[in-house]
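First up is the structure itself, then whatever we jot down about it.
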Amino acid sequence: MIKVGINGYGTIGRRVADAVRLQKDMSIIGIVKTKPDYVAVEAARMFNVYASDNETLHTFESSGIKAKGTLNDLVQSVDVMVDCTPEGMGEKNKELYKKSNIKAIFQGGEEAKIAEQSFNAYSSYDKSVGKQFLRVVSCNTTGLARTIYPIMKKFGVNSVDATLIRRATDPNDSKKGPINAVEPSLKFPSHHGPDLKTVLDVKDVGTVAIKVPTTLMHVHSISLKTDSEVSKDKLIEEWSKFNRIIPLSGKSGLSSTSQIMDLAREFGRKRGDLFEIAVWKESLFTSGNTVRYIQAVHQESDVVPENVDAIRAIMGYSDREKSITDTDNTMGIFRRDL
Ligand code: NAD
């Protein structure tokens, strides 16, 4: 049984904790919180809660939430820590993980160099087996890697050009924006292009990122050149071999991110999550070696199954297919076509 700790129990951390709980081969030893807030109250019903440091431990004690100890205690009892703290904090935490001789998985907000290998279950599982430090790439990069990998595997991919229309912030955040502006990233390529190369072997990747005032999902418009000719039917057939991609249609009433998130709520999953990448079938265009399509990415949850597979990979489990299948089966991810 793999002993897992979760450091940082926010948008990503709490979802990863729930997904790990569903697995037969791993268990959550504890989660780390900085505040004894409503999330900590609910977490304490399911998990052992640890405070981030001694000072925080006192605030837990005075609030009535029983904390088992601090992060320093938790690192003594886990095999692997999934670090889901806010971006930039992983580097400092890494020192503690190193000192405690445990493995750790960081998230996409950290720089790629924090880990020996960046992780996507489809495209870089094999290279990640047995490492000490992995980094699951960001929600956007995961979305790109998921749908491009099957194309690459079957047809070869020469170059990728993607425009990422990014949600401003997550739904539980009332502080960030923009709330009435469109904000392009003024750097080309945006960081997503180089990031994609850490998990997928493509030479030429150009990405443009534009933030818009919505909290639901990101939308990507992708154009790529393949090595061999592609037809629409063949491409849909390839995608349909990968459960974490859902081809869907505007004709089913799914013409915007609002309806896609409504579909996710219909799936009946906790928090209305959509772990899969939704690709609009009508947007798919192929001509010779050119492919174009539009996809939607649920930023709060698409990286969650990847974190589960990353735990197996880092612990030395080399059967990629079985890990992905077990994760999908336990999380209710199966072939869907809408
Ligand atoms: P978040 O702010 O929702 O959650 C972070 C949590 O860590 C919060 O609960 C915060 O209180 C807690 N925290 C702060 N300092 C801490 C400390 N010293 N010790 C322990 N916990 C501490 O952030 P998030 O959105 O879950 O992001 C976490 C990581 O995942 C980042 O690297 C981010 O870039 C990445 N990521 C985020 C998304 C997304 O859309 N939210 C998607 C993919 C990847």
Side-chain angles (χ1 to χ4, degrees), residues 5-19 30-43 47 49-57 59-60 67 69-75 81-97 104-115 118-120 133-146 164 166-176 191-192 195 199 209 211 214-220 257 261 271 273-275 277 296-307 310:
I6 307 281
N7 188 13
Y9 192 76
T11 303
I12 303 301
R14 60 183 115 153
R15 287 173 165 84
V16 174
D18 282 339
I31 65 103
V32 180
K33 278 281 299 162
T34 45
K35 288 182 225 97
D37 58 6
Y38 68 97
V39 180
V41 173
E42 288 306 308
F47 304 112
V49 176
Y50 288 74
S52 46
D53 53 28
N54 282 326
E55 201 183 314
T56 316
L57 187 61
T59 63
F60 271 81
T70 65
L71 171 63
N72 280 318
D73 300 313
L74 184 60
V75 290
M81 188 71 77
V82 185
D83 189 298
C84 303
T85 56
E87 58 184 67
M89 294 198 68
E91 200 62 59
K92 185 177 137 259
N93 295 335
K94 187 178 166 184
E95 292 311 309
L96 175 67
Y97 306 149
I105 296 165
F106 299 96
Q107 305 302 311
E110 306 300 328
E111 288 186 32
K113 65 176 167 46
I114 197 166
S118 287
F119 185 86
N120 172 264
F133 298 118
L134 291 178
R135 165 183 167 265
V136 172
V137 288
S138 73
C139 46
N140 277 303
T141 307
T142 296
L144 293 170
R146 281 250 185 96
L164 316 182
R166 299 176 56 198
R167 62 87 179 99
T169 188
D170 289 335
N172 67 347
D173 183 356
S174 56
K175 295 199 181 86
K176 287 192 205 143
H191 68 270
H192 310 91
D195 203 29
V199 289
K211 249 192 223 174
T214 174
T215 63
L216 297 179
M217 301 184 93
H218 304 298
V219 169
H220 299 166
T257 53
M261 288 320 293
R271 304 185 181 95
D273 283 340
L274 186 71
F275 306 119
I277 306 304
V297 173
H298 185 220
Q299 77 282 350
E300 296 178 282
S301 70
D302 69 326
V303 298
V304 176
E306 311 303 311
N307 272 278

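Counting convention: from 1, in listed order, for ligands and their atoms alike. Along the sequence shown, the residues carry numbers beginning at 1. Atoms considered below: every heavy atom in the structure, side chains included; atoms not considered: hydrogens, waters and symmetry mates.
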Could you tell me whether Tyr9 approaches ligand 1 through its side chain, its backbone, both or neither, with non-hydrogen atoms closer than 4.0 Å? backbone

Quick one: are Val39 and Tyr9 in side-chain contact, heavy atoms under 4.5 Å? yes

Considering only non-hydrogen protein atoms, determine which one is nearest to atom 18 (N) of ligand 1 and report residue, atom name and distance to 0.1 Å. Met89 CE, 3.1 Å

Honestly, for Thr11 the part within reach of ligand 1 (heavy atoms, under 4.0 Å) is both

From atom 7 (O) of ligand 1, work out which of Ser52, Ala51, Ala40, Pro86 has a heavy atom at the shortest distance. Pro86

With side chain to side chain contact (heavy atoms under 4.5 Å, CB included) as the test, would you mind laying out the steps for Val16 and Ile6 before giving the verdict? CA-CA 8 Å; Val16 174; Ile6 307 281; 3.9 Å; yes

If you measure only the distance, is there a donor-acceptor pair under 3.5 Å linking the side chains of Thr59 and Thr56? no

Atom indices of ligand 1, in the order listed, that fall short of 4.0 Å to a heavy atom of Gln299: 38 (C), 39 (C), 40 (O), 42 (C)

Which heavy atom of the protein is the closest neighbour of atom 21 (N) of ligand 1, given with residue, atom name and distance? Gly8 CA, 3.5 Å

Val304 vs Asp273 side-chain heavy atoms within contact, under 4.5 Å: no

Are Asp170 and Gln299 linked by a side-chain donor-acceptor pair shorter than 3.5 Å? yes

Evaluating non-hydrogen atoms only, which member of Ile12, Thr85, Val137 is closest to atom 31 (C) of ligand 1? Thr85

Note the single closest protein heavy atom to atom 33 (C) of ligand 1, along with its residue, its atom name and the distance in Å. Gly109 N, 4.0 Å

Asn7 and Tyr97: side chain donor to acceptor below 3.5 Å: yes

Nearest-contact summary for atom 39 (C) of ligand 1 - protein heavy atom, Å: Asp170 OD2, 3.5 Å

I want to check a possible cation-pi pair here: Lys94 against Phe133, using under 6.0 Å from ring centre and within 45° of the ring axis as the test. yes

Which heavy atom of the protein is the closest neighbour of atom 40 (O) of ligand 1, given with residue, atom name and distance? Arg167 NH2, 2.9 Å

Check Arg271 with Asp18, please: is the shortest side-chain N to carboxylate O separation under 4.0 Å? yes

Return yes if a side-chain donor-acceptor contact under 3.5 Å exists between Ser118 and Arg135, otherwise no. yes

Which atoms of ligand 1 have any heavy atom of Gln107 under 4.0 Å away? 29 (C), 30 (O), 32 (O), 35 (C)

What protein heavy atom sits nearest atom 22 (C) of ligand 1, and how far away is it? Thr34 CG2, 3.4 Å

Around atom 43 (C) of ligand 1, find the nearest protein heavy atom and jot down its residue, atom name and distance. Cys139 N, 3.6 Å

For atom 20 (C) of ligand 1, what's the nearest protein heavy atom and its distance? Asn7 OD1, 3.1 Å

Salt bridge or not between Glu300 and Arg15? Use side-chain N to carboxylate O under 4.0 Å. yes

Which is closest to atom 6 (C) of ligand 1 by heavy-atom distance: Gly13, Gly10, Pro171? Gly10

